[in-house]
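What you see is a predicted model; the values in this text were computed from it and never measured. All values below were derived from every heavy atom in this structure, side-chain atoms included, with hydrogens, water molecules and symmetry-related copies excluded.
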Amino acid sequence: MTAVYAVTGSASGMGAAVVERLTAAGHRVITVDIAEADVVADLSTPEGRRDATEKVLAASGGRLAGAVLAAGLGPAPGRDRPAMITQVNYFGVVELLEGWREALAATGNAKVVVFSSNSTTTMPLVPGRAVAALLGGDAERAVKAYRLFGKGAPAMAYGGSKVAVTRWVRRRAVEPDWVGAGIRLNAIAPGAVLTPLLERQLATPGEAKAIKSFPVPAGGYGDPGLLADWVIQMLSPAADFMVGSVVVVDGGSDAWFRADDWPRPVPGRRLRGYLRRMREFRKERR
């Protein structure tokens with residue numbers, strides 16, 4: 001059965017691989033990118049995000065079977081880069097999804113996959129105040145927090161944007177407006193995947209040295225097509241019971257650094273809040 005999907009970051013890398021697989025399966029895909037797409041939009045600006053939201057809604061007739069948010073900027077050097085990363089990687093996801101929510105709900109069983117990153121768990125020192133600022137909608141405050149890291153600001157902006165967008169996914173995924181409307185909202189967290197973005201980083205000696213020294217127990221780099229296969233599974237009926245999950249596909253890097261960090265039992269100091277959340281759930285379902 002033909003379904004309609006929206007895919008951002010569709011012109012290259014993992015987004016392009018997802019489009020290829022959806023199209024091959026007979027689905028209609030509305031592509032979104034800064035060039036070479038059905039909807040050409042600059043997600044680093046509020047105007048571009050509004051334009052992308054409205055044009056996808058118009059093209060889909062207000063009904064989306066799913067969406068894949070793959071557009072993103074990497075931590076390239078530059079004074080303005082942290083602000084651009086913040087706008088594209090965080091607001092370029094949440095504002096589009098909030099704008100498409102009713103179209104996703106209209107189909108009754110929509111699937112959404114947001115591209116996170118294993119930097120959410122393997123990058124040290126990401127400032128929590130920046131993450132909190134993004135979740136509060138304050139881009140300027142987040143960027144100020146990154147500036148304290150000097151030349152490392154773009155990397156921190158990348159890590160911070162991915163932590164924030166992943167938390168946004170997990171928070172929204174269980175809300176009645178999302179799961180209650182039949183929308184399954186999940187994230188995929190790749191490691192080093194051989195996309196044009198990574199190829200550009202590998203062509204820069206300083207960045208290449210850092211990338212090549214990073215532990216990947218499986219060796220080498222991920223293939224965009226293999227990541228796309230994971231996304232297709234997360235868009236399928238197999239994901240009907242998958243809500244607020246983060247699937248890490250990174251060759252073992254996260255496990256190398258943090259094998260004992262989770263799963264972790266609920267600590268005693270969290271018991272009161274845990275019981276409160278249980279009561280809230282019962283109250284909402286009455």
Side-chain angles (χ1 to χ4, degrees), residues 8-16 32-37 40-52 69-96 114-166 168 189-214 221-222 224 253:
T8 72
S10 58
S12 65
M14 292 177 280
V32 182
D33 213 312
I34 199 164
E36 300 179 11
V40 174
D42 182 356
L43 300 184
S44 70
T45 69
E47 298 77 17
R49 296 191 289 271
R50 282 196 297 270
D51 193 42
L69 287 295
L73 295 179
R79 180 176 177 80
D80 296 332
R81 193 70 173 183
M84 290 186 66
I85 290 169
T86 297
Q87 294 295 329
V88 175
N89 293 11
Y90 183 76
F91 294 100
V93 173
V94 303
E95 289 182 12
L96 267 61
V114 170
F115 269 76
S116 176
S117 166
N118 75 338
S119 66
T120 55
T121 56
T122 63
M123 179 180 288
L125 304 177
V126 173
R129 61 188 177 280
V131 174
L134 290 179
L135 289 167
D138 193 339
E140 185 177 347
R141 183 166 158 243
V143 172
K144 284 181 180 178
Y146 301 137
R147 286 178 184 151
L148 298 175
F149 292 88
K151 291 183 178 179
M156 288 298 162
Y158 180 81
S161 69
K162 292 299 186 179
V163 172
V165 81
T166 304
W168 183 91
V193 178
L194 201 56
T195 62
L197 170 61
L198 182 62
E199 289 172 350
R200 287 193 294 273
Q201 290 177 296
L202 290 171
T204 305
E207 292 184 59
K209 183 178 180 181
I211 292 167
K212 290 177 180 178
S213 66
F214 195 77
Y221 305 113
S253 300

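- R49 places a side-chain N or O within 3.5 Å of a backbone atom of L43 that can act as its donor or acceptor partner.
- Across all non-hydrogen atoms, the minimal contact from Y90 to V165 is CD1-N, 3.7 Å.
- In this structure, K151 and P77 have side chains that are not in contact, with every pair of non-hydrogen atoms separated by 4.5 Å or more.
- Separation of atoms CD (Q201) and NZ (K212) is listed at 12.5 Å; rounding is to 0.5 Å.
- Residues L202 and L194 are in side-chain contact: their nearest non-hydrogen atoms beyond the backbone lie under 4.5 Å apart.
- Pairing each heavy atom of T120 with each of S117, the nearest pair is OG1-O, 2.8 Å.
- A heavy-atom distance below 4.5 Å is not found between the side chains of L198 and V193.
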Legend entry - CA sep, side-chain torsions, deciding dist, call: I34, V40, side chain to side chain contact (heavy atoms under 4.5 Å, CB included): CA-CA 5 Å; I34 199 164; V40 174; 5.6 Å; no

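- In terms of heavy atoms, V88 sits closest to G72 at CG1-CA, 3.9 Å.
- Here F214 pairs with F257 under the ring-ring contact (aromatic ring centres under 6.0 Å, His included) rule; sequence neighbours left out.
- Contact between A52 and L96 at its shortest, heavy atoms only, is CB-CD2, 4.4 Å.
- The environment of E199 atom CD is dense: over 12 non-hydrogen atoms of other residues, nucleotides or ligands sit within 6.0 angstrom.
- Taking 4.5 Å as the limit, some side-chain heavy atom of V143 sits within range of a side-chain heavy atom of R147.
- Between N118 and T122, the shortest heavy-atom distance links the atoms O-OG1, 2.9 Å.
- Between the side chain of R81 and the backbone N or O of G74 there is at least one donor-acceptor pair closer than 3.5 Å.
- Here the shortest heavy-atom pairing between Y146 and T86 reads CE1-OG1, 3.7 Å.
- Sorted by first and then second residue, the side-chain hydrogen bond (donor to acceptor under 3.5 Å, both in side chains) pairs with a member in residues 156-166 read N89-S161, S116-T166; sequence neighbours excluded.
- Counting heavy atoms from C-beta on, the side chains of I85 and P82 never come closer than 4.5 Å.
- Contact annotation: the side chain of D33 never approaches that of T8 to less than 4.5 Å [non-hydrogen atoms, C-beta and beyond].
- Here the CZ-CG distance, from R129 to L148, works out to 5.5 Å after rounding to the nearest 0.5 Å.
- The shortest distance between side-chain heavy atoms of L125 and M123 does not fall below 4.5 Å.
- In the displayed structure, E140 atom CD is contacted under 6.0 Å by at most 12 heavy atoms of other residues, nucleotides or ligands.
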